[in-house]
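This report concerns only the one structure given below.
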Protein chains: 2
Amino acid sequence: MTEVLVQPLRKRRAEPPEVRREQLITATITCIARNGMSATTMAEVTKEAGLSQGIVNLHFESKEKLLIATLRTIADEYNSGQQKILTSSVHTAVADKIQALLDFDFSPRVTRKDKLAVWFAFWGEAKSRPTYQHICSASDIATDAAIRSLFQQAIDEGGYRGISAELLAQGYTALIDGLWLDLLIAPRRFTRKRAKQIATLYLANALPQHIEPPGD
Amino acid sequence: MTEVLVQPLRKRRAEPPEVRREQLITATITCIARNGMSATTMAEVTKEAGLSQGIVNLHFESKEKLLIATLRTIADEYNSGQQKILTSSVHTAVADKIQALLDFDFSPRVTRKDKLAVWFAFWGEAKSRPTYQHICSASDIATDAAIRSLFQQAIDEGGYRGISAELLAQGYTALIDGLWLDLLIAPRRFTRKRAKQIATLYLANALPQHIEPPGD
DNA sequence: CATCTCTGAATGAACGTTTATTCAGTCGTT
DNA sequence: AACGACTGAATAAACGTTCATTCAGAGATG
């Protein structure tokens with residue numbers, strides 16, 4: 001019988017390591033978002049994943065390595081999404097790319113509460129954990145460099161005076177981080193739409209020919 | 001003899017509770033900055049303070065309450081420093097107050113690495129700890145409200161069109177938070193001077209008659 | 001001034017709980 | 001039957017908290 005049965009499984013079943021790793025990373029994100037970093041235990045994560053206690057050590061060797069893999073996953077996900085926009089040939093016009101960048105940075109996918117919570121949980125620990133710091137910092141560098149070159153194109157096109165693409169890009173990145181923080185801390189006062197308006201205003205002030213000031 | 005002897009003490013000595021609390025909060029800040037929140041233990045904190053294990057429970061009842069007191073101390077310190085500037089009658093001109101605000105937000109006192117590390121450590125945990133969230137959020141609300149009214153004055157004075165004081169203030173607050181994050185995560189690439197230039201540029205674009213664009 | 005008594009701040013060993021990690025055994029798959 | 005992914009009870013280390021004990025200093029006494 002060569003037929004392959006794909007059935008709803010109630011019992012444990014061997015899966016490729018890649019699937020298990022992804023499963024555990026997803027569970028880790030959920031736990032960090034729900035309980036915070038310092039209350040995220042192996043027991044919680046494995047229970048969330050519906051697997052047994054020992055499985056993290058089987059697939060990741062240690063808790064520390066699971067956390068690093070989780071951070072790397074989130075960082076890669078964001079960076080690749082951003083790179084996709086910046087290197088895309090669909091949005092050929094510079095203004096379109098900038099708009100697409102704004103849309104991306106405030107898309108539901110990126111601003112999901114659990115993802116934001118994980119970002120800030122790691123940032124909070126980064127000072128004392130060189131590995132976290134390297135991953136976060138590397139992510140920021142990549143982001144900065146790509147955005148800087150895009151803004152430089154806009155500055156050249158628009159003939160804007162007295163504006164440095166580097167300052168503008170670093171400011172944009174910082175503003176995004178700060179707005180994400182507000183979305184996480186004060187979701188009542190602060191909406192995605194409002195955050196996007198603020199970021200749009202920032203760019204409209206600097207690059208008036210490329211970005212229009214936000215409406216209501 | 002009414003003379004009070006202040007001598008270098010090698011042995012334990014009773015101190016007013018207030019002094020002990022301050023001592024323990026200072027030690028907590030040091031530990032969080034050095035080891036991160038999830039590696040900050042009672043043993044570490046009391047050792048850093050040069051006191052015995054049980055003393056935190058004597059003065060704060062629990063670890064949780066020590067952490068909350070620490071967060072509250074940092075938040076109050078920032079808010080009172082800011083309020084002092086905004087309500088001061090020394091800088092009567094609006095432009096001067098805005099400049100003083102910028103100076104304050106990037107003063108060595110406020111941007112000290114250990115203080116920033118503590119801010120972000122708590123922000124990282126805030127999502128899952130309502131008490132932290134309330135303190136952080138209350139701090140942000142106070143900040144926002146005060147800055148908004150200052151910016152409104154500037155907008156009225158300058159007759160700036162199409163700019164909302166609320167958006168500008170929320171943007172400023174978010175930008176500051178984001179710049180602090182960069183100062184913490186990437187101190188190599190990012191200096192206080194650079195961060196201040198970026199914030200100055202943000203305000204100069206919005207309130208050109210009040211704030212001049214940054215030089216080099 | 002010297003001495004005794006009392007107070008409570010401070011100590012640190014001990015306790016029970018929680019934690020990450022291990023590994024002998026289980027069971028689905030081939 | 002053999003393999004190996006997976007399990008979960010067991011383990012030792014680490015943690016926050018407790019509390020009997022200690023001792024510096026204040027006030028009382030002579």
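Letters A, B, ... mirror the listed sequences (proteins, then strands); counts begin at 1. Please read all numbers here as calculations on a predicted model, not as lab measurements. Worth knowing before you read on, the calculation uses all heavy atoms, side chains too, and leaves out hydrogens, waters and symmetry mates.
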Any Ser52(A) side-chain N or O less than 4.0 Å from OP1/OP2 of dT7(D):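 Ser52(A) to dT7(D) OP1/OP2: side-chain N or O found under 4.0 Å.
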
N/O (side chain, Arg20(A)) to phosphate O (OP1/OP2, dC6(D)) under 4.0 Å: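 Yes.
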
Expressed in angstrom and rounded to an integer, what is the separation of [X] atom [atom1] from [N] atom [atom2]?
X: Leu67(B); N: dG16(D); atom1: CG; atom2: P; value: 9 Å
X: Leu24(B); N: dA9(C); atom1: CG; atom2: P; value: 14 Å
X: Lys47(A); N: dT7(D); atom1: NZ; atom2: C1'; value: 17 Å
X: Leu58(A); N: dG8(D); atom1: CG; atom2: P; value: 14 Å
X: His59(B); N: dA9(C); atom1: NE2; atom2: P; value: 7 Å

Ring center gap for Tyr78(A) and Trp180(A) short of 6.0 angstrom: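 Yes; Trp180(A) has its ring centre under 6.0 Å from that of Tyr78(A).
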
Polar side chain donor-acceptor pair, Asp103(A) to Gln99(A), under 3.5 angstrom: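 Yes, because at least one side-chain N or O of Asp103(A) sits under 3.5 Å from a partner of the opposite role on Gln99(A).
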
Test item: side-chain donor near acceptor, Asn205(B) and Tyr202(A), under 3.5 Å: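 Their side chains do not contain a donor-acceptor pair, so the 3.5 Å distance test is not met.
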
Side chain to side chain donor-acceptor pair (under 3.5 Å) between Asn35(B) and Thr40(B), worked out: CA-CA 6 Å; Asn35(B) 309 324; Thr40(B) 293; 5.4 Å; no

Arg20(A) side chain vs His59(A) backbone, donor-acceptor pair below 3.5 Å: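 Absent.
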
Main-chain N/O of Leu86(A) paired with Lys97(A) side-chain donor or acceptor, under 3.5 Å: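 Judged by distance alone, yes, a pair lies under 3.5 Å.
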
Candidate pair Arg194(A) and Asp182(A), rule salt bridge (charged side-chain N to carboxylate O under 4.0 Å, His left out), full reasoning: CA-CA 11 Å; Arg194(A) 165 62 54 98; Asp182(A) 285 335; over 6 Å; no

Angle by which the axis turns from one end of the helix from dC1(C)-dG30(D) to dT30(C)-dA1(D) to the other, five pairs per end, to 10 degrees: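 That helix gives 0° between its end axes.
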
Parallel, tilted or perpendicular: rings of Trp119(A) and Trp123(A) (30°, 60°):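 Aromatic pair Trp123(A)/Trp119(A) classed parallel.
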
Per-nucleotide protein contact string for nucleotides 14-22 of chain C, where B marks a base within reach and S marks sugar-phosphate only (heavy atoms under 4.0 Å, - for neither): -----SSBB

